[in-house]
There are 2 protein chains.
Amino acid sequence: MKNQTATPNLSATIADAIRSDIVEGRLLVGDRLPSEAELADQHGVSRATVREALKRLAAQSLIRTERGAFGGAFVNHLSYDEARAQQATTSTLLLGMNAISFQVACEARYALERSCTALAAERRTAALLGKMREEIDRQSDPSLTDEAFCASDVAFHRALVDCAGNEVLSYHLAGSVEAMQPLMNMITFTARSRAEIVDLHRAIVAGLDRRDVASVERALATLEAYTITLGQSVLKARAGR
Amino acid sequence: MKNQTATPNLSATIADAIRSDIVEGRLLVGDRLPSEAELADQHGVSRATVREALKRLAAQSLIRTERGAFGGAFVNHLSYDEARAQQATTSTLLLGMNAISFQVACEARYALERSCTALAAERRTAALLGKMREEIDRQSDPSLTDEAFCASDVAFHRALVDCAGNEVLSYHLAGSVEAMQPLMNMITFTARSRAEIVDLHRAIVAGLDRRDVASVERALATLEAYTITLGQSVLKARAGR
DNA sequence: GATTTTTCATTTGTCAGACATTTAATTGTC
DNA sequence: GACAATTAAATGTCTGACAAATGAAAAATC
């Protein structure tokens, strides 16, 4: 593709080779890679170069290393949490670095979130509805800082997407919700805007409870529109300063 | 200074420190990091350790390095393509390593994909509709291998999500579609199943053309159900073997 | 004989120093 | 002023060494 290999860059090449072995199933979860010395021999490079390659893979949570006899590099079992954390880091950076308008990011986030409404209304559990009501209670406390309000907001929406009872969907949606947090943290929430948001959160829970998909989607759409106006007022205030 | 954990792991610690500097905005896109020798001095470690830390960051596309005088490590501008490639790798591995049923993965994928239908019907362009029709033509060629058919399928769905005209949404959805490719590649597409899929693709394009959201969603729902039956027949065939 | 302790080999983590290669700025030459 | 050679700075790679961790085998002890 874009790898011209004018300068081979041995450690990157070796990392790519091992990554392919893992992604394409030639190395399975738990498998032990050859020792650094053996890998160096096999690829005809020094141990330092092999180590750089292994560190690249470790940064992607593809391998984990253990010290000592019978230690070494092992193909890592990628958990949902690790995967979500990685996805959130990448997405956060993407949003932060690309001069994306708050409106575009918000539109994407809520479009994605609406993809769970039908399944969530069908499968919501009492436990998750309880969790959502708990977060609503927390958000009603006026002494909450803006950061804490945002964090509770994230927890509320994560419970919402978990209602769909599909962990793959939860992974994708939770990652996109988390990635928005730095942008949301720019907003100063007044008592009035908090009340408005909490009302909409209540509408979402009530809608899920009644398995009323349409009302959940309406509440989410209203929430999206309201969040965008809040974001725009922040930008306007900044420009006018 | 020295944060002593159980096992310090210097290169990981240094990578974390620099990563925070980037994610939290103390280092901006394009900024040059100190040279490896300077970083080694600053952190009181050897150059090899610094290099391992930098390779970890490079693996996450957070930095890029340039050789020569006035070269060095620079904070990388994370592009949509890089971010999507990373997300797809992570998601693919997650799906491959967690004994996820084909049905659950498929359900998540199509739930996500439906999140673009309303925007796509509103904003679809002639160019993207043309691209989709082009892929449909390709898919109608019976001499196509299963892998090539899958690749064209991915291209078709990427054009579909691009219709929404929201690059953030495209990034998330394209990543999730790509992540499914290894699972889709397990399926052997008969002439009959290919015809069925192509028909549904045509229905999607026609629906977008007429800005008929409901018909696009119906076609996607049918495609989801059909894909799941195809996947299940593969699993059944395997079990019976 | 069973249990505890010691030794030992293996492997990763880190360091120091060296040389090769790349690259842009500088200098020298015409 | 244009072009070629030099130089300095930086990454890329190699070599060899030692430290630290760790499980297994061997030895010592009861």
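Side chains are part of it too, since the values below use all heavy atoms of this structure and drop only hydrogens, waters and symmetry mates.
Among the nucleotides D/dG12, D/dC14, C/dC15, the one closest to the side chain of A/Thr49 is D/dC14. Side-chain proximity of B/Ser46 to C/dA16, D/dC14, C/dT12: nearest is C/dA16. Here the nucleotide nearest the side chain of B/Asn9, chosen from C/dG13, D/dT13, C/dT11, is C/dG13.
Residue B/Leu33 contributes atom CG, which lies 13 Å from atom P of D/dA10 at whole-angstrom precision. If you take NZ of B/Lys55 and P of C/dT14, they are 17 Å apart, rounded to a whole angstrom. As rounded to whole Å, 13 Å separates atom P of C/dG13 from atom CG of A/Leu39. Protein atom CG of B/Asp41 is 12 Å distant from nucleotide atom P of C/dG17, rounded to whole Å. For the pair B/Glu38 CD and D/dA8 C1', the computed distance is 15 Å after rounding to whole Å. Taking atom CG of residue B/Leu10 and atom P of nucleotide D/dA19, one finds them 16 Å apart after rounding to whole Å. In this structure, CD of B/Glu66 is placed 12 Å from P of C/dA25, rounded to the nearest angstrom. As rounded to whole Å, 13 Å separates atom C1' of D/dT13 from atom CD of B/Glu52.
For D/dG16, the base has no donor-acceptor partner in the side chain of A/Arg47 [N/O atoms by modelled type, under 3.5 angstrom]. For C/dT21, its base sits under 3.5 Å from the side chain of B/Arg67 at one donor and acceptor pair at least.
Comparing A/Phe70 and B/Phe70, the nucleotide of DNA chain D nearest to each residue sits closer to the 5' end for B/Phe70.
For A/Thr65, a side-chain nitrogen or oxygen approaches OP1 or OP2 of C/dG13 to under 4.0 Å. The side chain of A/Arg51 places an N or O atom within less than 4.0 Å of a non-bridging phosphate oxygen (OP1 or OP2) of C/dG13.
Remark: side-chain polar atoms of A/Ser152 are not paired, donor with acceptor, to backbone N or O of A/Phe149 under 3.5 angstrom. Side-chain atoms of B/Ser20 come within 3.5 Å of backbone N or O of B/Asp16 as a donor-acceptor pair. Side-chain atoms of B/Thr49 never come within 3.5 Å of backbone atoms of B/Val45 as a donor-acceptor pair (strictly under, hydrogens ignored). In terms of modelled atom types and a separation under 3.5 Å, the side chain of A/Asn98 and the main chain of A/Ile100 share no donor-acceptor contact.
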query = Are B/Glu36 and B/Arg67 close enough, and set up right, to give a salt bridge (charged side-chain N to carboxylate O under 4.0 Å, His left out), and what steps lead you there?
reply = CA-CA 12 Å; B/Glu36 294 174 352; B/Arg67 295 180 71 171; over 6 Å; no
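Using a 4.0 Å heavy-atom criterion, one finds that A/Arg32 contacts the sugar-phosphate atoms exclusively.
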